[in-house]
Amino acid sequence: MKPDQMTPAEPTSPPNPPLSRTAVRRNRIVAVTFLVVVWVLLWGTLSWANVISGLVVATILLTVFPLPPVTFAGRIHPLGTARFLVRFLRDLVVASVQIAWLALRPRHVPRSAIIAVRLRVNTDLNLTLTAEALSLVPGSLILEADRNSGTLFIHVINVDSLSEVEKFRGEVLELEARIVAAIGSPEEQRLVRENPPPPVDLEGAAA
Amino acid sequence: MNLDAVLDIVAAVCLISGALLSLAAGVALVRFPDLLTRMHAAAKPQVLGLLLVLVGCGLRLRTGVDITTLVLVGIFQLATAPVAAHMVGRAGYPHDDIRSDLLLTDELAAHLDRVAEDRPEPTPA
């Protein structure tokens, strides 16, 4: 299956190279494992009958409805994942309180902005996870994703000046770095390390 | 005070704060100025509010079968709420209901103009 089948509207070169056979097999194993876990959680008890029936259902599902090829290139780094999860939960609480306060605050119309942020690691998985996490952390909501260039278009709420907007750009890239540190391959982590977020350029922002 | 009483108190706190956050999300839906800011309300306080209610329910129920279902509800809420917000936001983006006078900058409009120029036929909005 060609990756560009997902975006029929923009027929340019696919961002990801075609998968090797081992990568395809590994993707299937990850998908089957996830489906079996969901199945067992739905039944609520861990028993051989549940696991085996889950395997059967997962195999049928993946044969009848093949998933788009989302490649999990790296491996899970426990420390990076824990760091990401702790920060994510904190961000979720801060975001909820912030929006709740904005809603209840009298006589205040929040200003916002729409910014484009080009991610450093342009893979489907990284784009998806960063977009999902962004929508749940303070201030941001994903509006559109351009898969060819790996760019996310983000709606930022409660910003008062262009310098705050530029600061937010850096926070998006930091979030991406945390996700790559949690699940990225060594090559992706090197890419992120070698391209730190650019310093806030206030003159450029005002222009 | 035994463990059950402590768990009940924690559950009560979770349930009430979750309900209050959901209420704040509802207030935000009414008071925010346009579609995109409202989607923030649907995505964040609502998700945390639901998660807190789920934790409260789990602490009260304390049976394995129920807790696994609650965990699934939480996971799918976390996974799908941003997607739903994205779909609604994108479907409504170039529209009068989005207050462009409240936007400091709009880099998506420039991008969409470029995409439209690259295509031979006009794109459906």
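Given the structure is predicted, the values throughout are model-derived calculations rather than measurements. Letters A, B, ... are given to chains in the order of the sequence lines, protein chains preceding strands, and every chain is numbered from 1.
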Locate the shortest heavy-atom distance separating [X] from [Y]; write the atom from each residue and the value.
| X | Y | result |
| --- | --- | --- |
| B:Val27 | A:Ala103 | CG1-O, 3.9 Å |
| B:His40 | A:Ile99 | CB-CD1, 3.8 Å |
| A:Leu143 | B:His86 | O-CD2, 3.1 Å |
| B:Thr68 | A:Gly44 | OG1-CA, 3.2 Å |
| B:Ala43 | A:Leu141 | CB-CD1, 4.0 Å |

Part of B:Ala41 lying under 4.5 Å from any heavy atom of chain A: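 Both the backbone and the side chain of B:Ala41 come within 4.5 Å of chain A.
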Crowding at CZ, A:Arg178 (>12 non-hydrogen neighbours, <6.0 Å): yes
More than 12 heavy atoms from other groups under 6.0 Å of CZ on A:Arg118: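 Counting other residues, nucleotides and ligands, CZ of A:Arg118 stays at 12 neighbours or fewer.
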Can you tell me how far apart [atom1] ([X]) and [atom2] ([Y]) are? Round to the nearest 0.5 Å.
| X | Y | atom1 | atom2 | result |
| --- | --- | --- | --- | --- |
| A:Leu41 | B:Ile67 | CG | CD1 | 11.5 Å |
| A:Leu104 | B:Arg31 | CG | CZ | 7.5 Å |
| A:Ser135 | B:Leu78 | OG | CG | 11.5 Å |
| A:Trp43 | B:Thr69 | CH2 | OG1 | 11.0 Å |
| A:Trp39 | B:Leu72 | CH2 | CG | 12.0 Å |

B:Thr37/A:Ser112 under side-chain contact (heavy atoms from CB on, under 4.5 Å): CA gap, chis, key distance, verdict: CA-CA 8 Å; B:Thr37 42; A:Ser112 37; 4.2 Å; yes
Heavy-atom pairs under 4.5 Å with chain B - which of [options] has more of them than the others?
| options | result |
| --- | --- |
| A:Ile142, A:Asn158, A:Leu134, A:Thr128 | A:Ile142 |
| A:Ala133, A:Ser140, A:Ala95 | A:Ser140 |
| A:Val37, A:Leu42, A:Val40, A:Thr45 | A:Leu42 |

Quick one: are [X] and [Y] in side-chain contact, heavy atoms under 4.5 Å?
| X | Y | value |
| --- | --- | --- |
| B:Phe32 | A:Ile157 | yes |
| A:Val93 | B:Leu48 | yes |
| B:Leu51 | A:Leu92 | yes |
| B:Leu36 | A:Ile114 | yes |

Chain A interface, residue from B:Ala24, B:Ala85, B:Pro45 that has the most non-hydrogen pairs under 4.5 Å: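 Between B:Ala24, B:Ala85, B:Pro45, the count favours B:Pro45.
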Test item: B:Lys44 side-chain N/O and A:Gln98 main-chain N/O as donor-acceptor pair under 3.5 Å: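 No; zero donor-acceptor contacts below 3.5 Å.
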Residue A:Leu102 versus chain B: region with a heavy atom under 4.5 Å: both
